[in-house]
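Read the structure below first, then the notes.
The residues of the chain are indexed from 1 along the displayed sequence. When a ligand or atom number is given, it counts from 1 through the structure's own listing order.
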Amino acid sequence: MNILVINCGSSSLKFQLINTEDESVLAKGLCERIGIDGRLVYQPANGEKETIDSAMPTHKQAIQLVLDSLTDEKKGVIKSLDEVGAVGHRVVHGGEKFAASSVITEEMLKTVEECNDLAPLHNPANLIGINACKELMPNTPMVGVFDTAFHQTMEDTAFLYGIPYSMYEKYKVRKYGFHGTSHSFVSKRTAEFLGKDIKDMKIIVCHLGNGASICAVNGGKSVDTSMGLTPLEGLVMGTRSGDIDPAVIEFLAKKENKDITGVMNILNKESGVYGLSGEVSSDFRDLEAAAKDGNEKAARARQVFIYRVVKYIGSYIAAMNGVDAIAFTAGLGENDGSVRKEICDHFGYMGIEIDAEANSKRGEDMVISTENSKVKVVVIPTNEELAIARETLELVTK
Ligand code: ADP
């Protein structure tokens, strides 16, 4: 079956058409600047990448352009939309309502809407994408795959914040966690790659990209994760602060004469390694280059990031009372061997050893720890689109 995977943001939309028989990508691309002017980047598997500037006042028009490209006589990869068996939509927040992916129905969409408060920037955009797609493909089954679902197995001891319990009862304020599709995909693949049953494994997945989070996976279930009510908690990220003393917010508001929105903007967009480096960059490649040129702030930002990752890994080893494998994934986790090595060197005391040669490769599933290492360390490229396609296939063929 061909499955169209859609990840819809407020002004952009990423898509992939995946053939689930051999899990190949038939075409992929991206619509940008929706509602502004509009640009479609379209890449068929066996053809040239193409950038088309075309008006996209709404998401419906953007999706129409994607569907036109997919079925185009020359550059298309299918003859008609009948060849799309299902659509899988990424949905950011499923609150406590969704512990798994769900077939999209009117009732299901109402429930997603009830979670909008928890992700006001993301969920409404996801819903716009789903509704636009439904209008254009009314008879095609669709599935919503939630970033939060995988973490719904966390116990209350892990997901509750130390604030009045009534805040949880009234507003569902708690840790939810994100990147669930990636943490689930990578933990499953780690067990499979190491030839073990995931039920017998304690795995720590480090999803280190521009947004970054860590997840403790015990027996295949998420037992703790670093992001919280929103993706702001946890690691120091590209531009997000991660954990801070909440009193910093009031302090900065007073000192900088800003309202809550202004301070939250600092924490979300001007912090992380970008802010720490004195605005050099949120990209680790730029930070490394600047550090090599003697920029101390850039070097320190990288170290602060690494230190925070180390603290989370350490706390999850404690939470699970051990660890069998540590998996690195996402842009930085998959590509930056020096960051991986520096993180793992902190765990020399517990017998973790990195193989320098294995750690210098990239682009594939690989073990980067030595034969003697007490814990296996692996790099597993994440593939959230494929994970969404698999989930969608499972639900529509049930
Ligand atoms: P997101 O999906 O959260 O936007 P990605 O998973 O694509 O992020 O990761 C992007 C980040 O990965 C970049 O900002 C950069 O820091 C890092 N990265 C990507 N490629 C490399 C590389 N070759 N070396 C070091 N860091 C890299």
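Rounding to the nearest 0.5 Å places CD1 of I104 at 4.0 Å from CD1 of I130. The distance from atom CE of M167 to atom OH of Y161, rounded to the nearest 0.5 Å, is 14.5 Å. R302 contributes atom CZ, which lies 6.0 Å from atom CG of D336 (distance to the nearest 0.5 angstrom).
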**OP:** Please step through salt bridge (charged side-chain N to carboxylate O under 4.0 Å, His left out) for the pair D283 and R285, ending with a clear verdict.
**Re:** CA-CA 5 Å; D283 192 304; R285 288 163 287 196; 2.8 Å; yes

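In this structure, atom 8 (O) of ligand 1 lies nearest to the protein heavy atom N210 N, 3.1 Å. Regarding atom 24 (N) of ligand 1, its nearest protein heavy-atom neighbour is R285 CG, 3.5 Å. Considering only non-hydrogen protein atoms, atom 26 (N) of ligand 1 sits nearest to L332 CD1, 3.7 Å. Nearest protein heavy-atom neighbour of atom 16 (O) of ligand 1: F284 N, 2.8 Å. Remark: minimum distance from atom 14 (O) of ligand 1 to any protein heavy atom is reached at D283 OD2, 3.5 Å. For atom 22 (C) of ligand 1, the closest non-hydrogen atom of the protein is N335 CB, 3.4 Å. Among protein heavy atoms, the minimum distance from atom 5 (P) of ligand 1 is reached at G331 N, 3.8 Å.
Close approach of ligand 1 to D336 (heavy-atom distance below 4.0 Å) involves ligand atoms 25 (C). Remark: ligand 1 atoms within the under-4.0 Å shell around heavy atoms of G209 are 5 (P), 6 (O), 8 (O), 9 (O).
No hydrogens or angles considered: nothing links the side chains of S241 and S271 as a donor-acceptor pair under 3.5 Å.
The side chain to side chain contact (heavy atoms under 4.5 Å, CB included) with R90 is formed by just one residue from the set N7, I6, V5; it is N7. Of the candidates K97, E114, E96, E96 is the only one forming a side chain to side chain contact (heavy atoms under 4.5 Å, CB included) with K172.
For R362, the closest heavy-atom approach to ligand 1 falls below 4.0 Å. Not a single heavy atom of G238 sits closer than 4.0 Å to an atom of ligand 1.
Residues L81 and L26 share a hydrophobic cluster, clusters being chains of Ile/Leu/Val/Met/Phe/Trp/Tyr side chains in contact below 4.5 Å.
Under a cutoff of 6.0 Å and an axis angle of 45°, R174 and Y168 do not form a cation-pi pair.
Under the 4.0 Å distance rule, the nearest protein heavy atom to atom 2 (O) of ligand 1 falls outside the cut-off.
Between G211 and ligand 1, a contact under 3.5 Å exists for at least one N or O pair.
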